[in-house]
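The structure appears below as structure tokens.
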Protein chains: 2
Amino acid sequence: MVTKQYKGTPEEAADLRRADSLAREIFGDIANKWALLIIEALGERTHRFSELRDDVEGVSHKMLTQNLRMLERNGLVDREVHPTVPPRVEYTLTEPGRALRATVDAMCDWTHRYLGDIEASRSRFDA
Amino acid sequence: MVTKQYKGTPEEAADLRRADSLAREIFGDIANKWALLIIEALGERTHRFSELRDDVEGVSHKMLTQNLRMLERNGLVDREVHPTVPPRVEYTLTEPGRALRATVDAMCDWTHRYLGDIEASRSRFDA
DNA sequence: CTGAATCCGCGGGGATACTG
DNA sequence: CAGTATCCCCGCGGATTCAG
């Protein structure tokens with residue numbers, strides 16, 4: 001994915017390997033359907049939990065919570081709990097999260113841009 | 001993900017719903033770890049099957065074949081079979097594939113850019 | 001070398017119920 | 001309303017084998 005040739009001390013080499021495996025782990029975290037759709041849905045404004053469940057179509061309660069925790073852990077979303085009754089929890093993209101959203105936007109644009117080509121290719125392939 | 005408000009005939013509305021569900025399906029296809037890593041690995045030049053297996057670290061024979069089929073079906077990679085013995089099969093990104101790769105590159109860049117922040121956030125969260 | 005098929009275990013992920 | 005926990009099943013995905 002990223003490993004570059006590098007000449008240095010063994011310590012530096014070890015650091016690079018560590019960073020690389022970490023990068024892989026992170027990539028594996030976010031490169032999944034639900035995480036990306038959640039980031040896309042969050043967009044520019046904060047959302048409540050239930051708003052997200054409505055906006056991210058087809059996501060289950062469990063997957064939503066699970067992915068939100070993961071995104072929070074990685075510092076992509078900020079979780080703000082209002083101690084009211086009933087509780088009100090708001091999720092907002094952090095700066096890293098917004099940066100990633102830009103690339104997710106690009107992926108969505110790509111999907112729509114090539115929708116026709118893909119559909120055609122599928123027909124050809126399935127025949 | 002994409003649905004825009006739109007006033008038109010019922011037929012046009014139906015078309016939009018169809019396109020939207022197709023877009024979702026495609027997004028679900030490509031928004032997975034292995035597909036994205038394969039696209040990233042393919043880069044600018046063609047790869048043989050075994051080269052890909054070496055370059056995409058950790059991918060199993062099965063997952064590689066499966067995802068390559070899917071990418072081929074969607075017209076993101078071109079599969080060229082040389083009728084030699086032993087067989088030689090080369091995979092190349094198509095134009096749509098290369099366009100998508102640009103966004104995957106952006107995701108990889110993002111990962112490295114925020115590696116430190118993410119690691120820090122994780123430590124905070126896990127505590 | 002590439003790829004299809006089979007077997008199989010583990011975990012993703014849905015449904016539901018229960019707390020605060 | 002938001003979150004956790006439990007149950008449970010289906011399918012992802014790895015290992016292996018066979019074919020071209």
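These values consider heavy atoms only, across backbone and side chains, with no hydrogens, waters or symmetry-generated copies. Just so we're on the same page: letters track the sequence lines, and every chain starts at 1.
Using a 4.0 Å heavy-atom cutoff across all strands shown, A:Arg79 reaches sugar-phosphate atoms only and no base atom. Note on B:Arg88: nothing from the nucleic acid sits closer than 4.0 angstrom, heavy atoms only.
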Review item, nucleotides 7-15 of chain D N/O atoms under 3.5 Å of protein N/O:
unit_1 : atom_1 : unit_2  : atom_2 : d
D:dG13 : N7     : B:Lys62 : NZ     : 2.7
D:dG13 : O6     : B:Lys62 : NZ     : 3.4
D:dG14 : OP2    : B:Ser60 : OG     : 2.4
D:dG14 : O6     : B:Lys62 : NZ     : 2.4

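Within the structure, a side-chain polar atom (N or O) of A:Arg69 is placed less than 4.0 Å from OP1 or OP2 of D:dT4. Of the side-chain N and O atoms in B:Tyr91, one or more sit less than 4.0 angstrom from OP1 or OP2 of C:dG3.
Residues B:His61 and B:Phe49 bring their aromatic ring centres within 6.0 Å.
For DNA chain C, if you chain together Watson-Crick or G-U pairs that step i with j, i+1 with j-1 and so on, the runs of at least three with distances under 3.5 Å are C:1-20 with D:1-20.
With hydrogens and angles disregarded, no donor-acceptor distance shorter than 3.5 Å links the side chain of B:Glu25 to the backbone of B:Leu22.
Of the candidate nucleotides D:dG3, D:dA2, C:dG3, C:dG3 has the atom lying nearest to any side-chain atom of B:Thr65.
Between the side chains of B:Tyr114 and A:Glu95, at least one donor N or O lies within less than 3.5 Å of an accepting N or O.
A salt bridge links B:Arg122 with A:Asp29: at least one charged nitrogen is closer than 4.0 Å to a carboxylate oxygen.
The salt bridge (charged side-chain N to carboxylate O under 4.0 Å, His left out) contacts involving residues 83-94 of chain B comprise B:Arg88-B:Glu90, where partners must be two or more places apart or lie in separate chains.
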